[in-house]
Amino acid sequence: MRKILLVEDEPSIADNIIYALKTEGFAPTWCQTAADGLRAFAEHAFALVILDVGLPDMNGFELCKKMRAGSFVPIIFVTARKDEIDRVVGLEIGADDYVVKPFAPRELTARVKAILRRTEAGGAMQPQTSKLFSIDEERCEIRYCGSPLQLSRYEFRLLKVLVQKPGRVYSRDQLMELAWEEPDTALDRTVDAHIKTLRAKLRAVRDDEDPIRTHRGLGYSLKD
Ligand code: CA
């Protein structure tokens, strides 16, 4: 049974969603606060996450960013405000989908099923990593062609984002959102500077390869 994490502080809404998810054969885990949600997220592997935007201890967008920093789990937002939709689905937050309150629980489960069909068909459930790299989460280490890289914290986080989705082009803003703890204080050229030092470290291992590609006016990707 696929596990789904639901973070929603209103019990009556959560009850309806849980009931609908169970009816469709999913195994929901319900958390009422962002803190509990993060704890559950760290402890279990979820096929998908449903987040309420208005949570008591943290904005759902912030929670989404934290979850996305190290994972490509599909995320659906539940929002009470139509004016939040642009942020939810735009590049800023990058959710997979959303529903606006009030909604029929069946509408939500239909979206859950559609997203899982899409991501599972595309293999996104198990983030596909590049053949040249391997990530050791426990040691915060990335190996390149078998050699462990000596990386700074941000180099590690930046490279991890790229390695987890080879071929996907990320803008500098997206990389900052995903790799920096305080993206607002970082500058575009900070990303460029880290990419430059990363490239030098990769070249030191293999000088016949340049696995990081620059897309002019767009950003960076990892060669797939
Ligand atoms: Ca709420």
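Counting starts at 1 for both ligands and their atoms, following the listed order. Because only heavy atoms are used, hydrogens play no part in the values below, and waters and symmetry mates are left out as well, while side chains stay in. Counting from 1, the numbers follow the sequence of the chain as shown.
For the Ca ion (ligand 1), the N/O/S atoms of D9 include one lying under 3.0 Å. The distance from the Ca ion (ligand 1) to the nearest N/O/S atom of G54 is under 3.0 Å.
Each of D207, L149, T197 was evaluated against L202; a single residue qualifies, L149, per the side chain to side chain contact (heavy atoms under 4.5 Å, CB included) test.
Annotation: Y220 is not in aromatic contact with Y170 [ring centroid separation under 6.0 Å not met].
One finds a salt bridge joining E141 and R143 here, because a Lys/Arg side-chain nitrogen approaches an Asp/Glu carboxylate oxygen to under 4.0 Å.
Between the K201 side chain and the Q150 main chain, a donor and an acceptor come within less than 3.5 Å of each other.
Of all N/O/S atoms in D52, OD2 sits nearest the Ca ion (ligand 1).
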